[in-house]
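Heavy atoms only: backbone and side chains are in, while hydrogens, waters and symmetry mates are out.
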Amino acid sequence: MTSFAFILALVPLIIASSAGEASPRVIGSALLRGMLIASTVGIFLIPMLYVVFRWLRQRLHGGAVSRGVAKEAPAQ
């Protein structure tokens, strides 16, 4: 939410039309592109990589992945 609010706050900076509009427009467009890329990576790529690495871990270890829960010892 904070990232999207920052992205929307950059819009007036990018569409500004004043005497010194070139510098703010360049800075605003660079920030906008950077925030869009960072938000996309954070929302889509990182969770996708988590799922892929978890799947790989299950494949390599040949079974269910422990979720930090202690297993009971077999009864003798």
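- Between Leu32 and Ile7 there is a side-chain heavy-atom pair separated by less than 4.5 Å.
- Between the side chain of Arg25 and the backbone N or O of Leu13 there is no donor-acceptor pair closer than 3.5 Å.
- Under the 4.5 Å side-chain heavy-atom criterion for grouping Ile, Leu, Val, Met, Phe, Trp and Tyr, Leu36 is not connected to Val41 through any hydrophobic cluster.
- Note on Phe53 and Trp55: same hydrophobic cluster, where clusters join Ile, Leu, Val, Met, Phe, Trp and Tyr whose side-chain heavy atoms are under 4.5 Å apart, directly or indirectly.
- Among Leu31, Ile15, Ile27, the single residue meeting the side chain to side chain contact (heavy atoms under 4.5 Å, CB included) criterion with Leu10 is Leu31.
- Tracing side-chain contacts under 4.5 Å through hydrophobic residues (I, L, V, M, F, W, Y), one reaches Phe4 starting from Ile14; they form part of the same cluster.
- Residues Pro47 and Gly42 approach most closely at CD-O, 3.7 Å, considering heavy atoms.
- Both Ile46 and Leu49 belong to a single network of hydrophobic side chains, linked directly or stepwise wherever heavy atoms of I, L, V, M, F, W or Y lie under 4.5 Å apart.
- In this structure, CG on Leu8 lies 10.5 Å from CE on Met35, to the nearest 0.5 angstrom.
- Linking Ile, Leu, Val, Met, Phe, Trp and Tyr whenever their side-chain heavy atoms come within less than 4.5 Å leaves Phe44 and Ile37 in two separate clusters.
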